[in-house]
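Numbers restart at 1 for each chain; the letters A, B, ... are given by sequence-line order, proteins then strands. Because the structure is a prediction, the values reported are computed rather than measured. For the numbers below, each heavy atom of this structure counts, side chains included, while hydrogens, waters and symmetry mates do not.
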Amino acid sequence: MKIASWNVNSIKARLPRVTEWLQEFSPDVVMLQELKCIDENFPFMEIEDLGYNLSVHGQKSYNGVAILSKHPIEDVMIGLPGDENDEQARYIEATIKTVRIGGLYLPNGNPLPGPKFDYKLAWMDRLIVRAKELLAQEEMFILGGDYNCCPKDEDCYDPIRLAGDALMQPETRDRYFTLLNLGLTDALRQFYPSGHNYTYWDYQGGAWQKDNGLRIDHLLLSPQAADRLVKCGIDRVPRGKERASDHTPIWCELDID
DNA sequence: ATGGTTGTGTTACAA
């Protein structure tokens with residue numbers, strides 16, 4: 001079963017890129033982030049016509065997450081628990097076959113210090129709580145998406161230049177590594193233990209052409225899912241196309257029916 | 001070099 005995550009930076013602007021990629025790559029499950037549209041405006045038909053079921057958690061202009069699946073989507077949970085006043089559409093969780101899938105769009109957190117960075121850290125604390133709850137069930141799960149976190153300096157093309165960015169802060173990294181220390185596995189690093197494996201390139205300054213990227217999209221696996229991990233990779237092809245998202249898909253394959 | 005790009009939805013804000 002192929003499971004992917006992609007921050008599309010507007011599903012409406014990206015629909016041609018998304019549909020061609022679904023047909024070429026044929027993932028079983030996809031977590032999408034930054035839909036930038038309300039549920040009613042999501043292009044359901046165009047994606048359902050390709051054989052995908054859909055669960056969408058949209059929002060006007062900003063954020064928005066979805067899960068696509070060739071298999072039935074069950075027990076959908078909208079929103080990350082822990083703050084009833086949080087109205088940003090950044091989390092969706094559902095069960096597909098025997099795997100619990102959590103699709104997330106972690107807050108960017110810039111500028112810092114300030115309320116946006118505080119919100120990011122609080123959101124990460126809530127994600128840690130949710131990860132603990134899922135781990136207690138001792139079943140297969142994946143927490144995937146745009147984490148807006150460069151775990152290490154090697155995950156950034158110029159760590160000096162971006163040292164002040166929220167994606168690089170020790171407080172951000174500490175919380176990311178707390179997730180790993182709970183027992184989650186960074187799927188990509190199982191196959192590419194070190195080096196540059198970027199998933200995001202800024203639109204500005206020819207970042208893509210210069211390979212000035214960041215590794216900020218991650219697939220974190222529960223121990224039961226990691227036991228079935230066959231392969232993981234980053235598909236750079238969509239980033240090089242016309243009208244591309246600034247992110248490109250990350251995917252993994254699990255050995256399950 | 002205090003800029004640059006893309007998207008939403010109105011011309012400001014987020015990334």
Report each atom pair, protein N/O against N/O of nucleotides 12-14 of chain B, whose distance is under 3.5 angstrom.
residue: B:dA14; atom: OP1; partner: A:Lys116; partner atom: NZ; Å: 3.2
residue: B:dA14; atom: OP2; partner: A:Lys116; partner atom: NZ; Å: 3.2
residue: B:dA14; atom: O5'; partner: A:Lys116; partner atom: NZ; Å: 2.9

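At B:dG7, one or more side-chain N or O atoms of A:Arg243 fall inside 4.0 Å of OP1 or OP2 (strictly under the cut-off).
Summarising the geometry, the separation between CG on A:Asn41 and P on B:dG7 is reported as 17 Å, rounded to the nearest angstrom. Atom P of nucleotide B:dG9 and atom CG of A:Leu35 are separated by 12 Å, given to the nearest angstrom. Here the P atom of nucleotide B:dA15 and the CD atom of A:Gln33 are 14 Å apart, to the nearest Å. Computed from coordinates, the A:Asp246 CG to B:dG4 P distance equals 18 Å when rounded to whole Å. Spacing between atom CZ of A:Phe117 and atom P of B:dA15 amounts to 14 Å, rounded to whole angstrom units. The nearest whole Å value for the distance from the OH atom in A:Tyr203 to the P atom in B:dT5 is 13 Å.
Side-chain atoms of A:Lys60 lie closest to B:dT10 of the nucleotides B:dG7, B:dT10, B:dG4. When distances are taken from the side chain of A:Glu34 to each of B:dG7, B:dG9, B:dA15, the shortest belongs to B:dA15.
Rounded to the nearest 0.5 Å, atoms OH (A:Tyr147) and CG (A:Asp217) are 10.5 Å apart.
A salt bridge links A:Arg173 with A:Asp153; the closest basic N to acidic carboxylate O contact falls under 4.0 Å. Using a cut-off of 4.0 Å between Lys/Arg side-chain N and Asp/Glu carboxylate O, A:Arg239 and A:Asp211 are scored as not salt-bridged. With respect to A:Glu20 and A:Lys241, a salt bridge is recorded, a charged nitrogen being found less than 4.0 Å from a carboxylate O.
Both A:Tyr200 and A:Cys37 lie near DNA chain B, and the one whose nearest nucleotide falls closer to the 5' end is A:Cys37. Each of A:Asp202 and A:Asp146 was matched to the nucleotide of DNA chain B holding its nearest heavy atom; the match closer to the 5' end belongs to A:Asp202.
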Give the table of side-chain donor-acceptor pairs shorter than 3.5 Å for residues 71-78 of chain A, with sequence neighbours excluded, one pair per line with atom names and distance.
residue: A:His71; atom: NE2; partner: A:Asp28; partner atom: OD1; Å: 3.1

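When hydrophobic side chains of Ile, Leu, Val, Met, Phe, Trp and Tyr are connected at separations under 4.5 Å, A:Leu32 ends up clustered with A:Trp6, A:Val8, A:Ile11, A:Leu15, A:Val18, A:Trp21, A:Leu22, A:Phe25, A:Val30, A:Leu35, A:Phe42, A:Phe44, A:Ile47, A:Leu50, A:Tyr52, A:Leu54, A:Val56, A:Leu68, A:Trp251.
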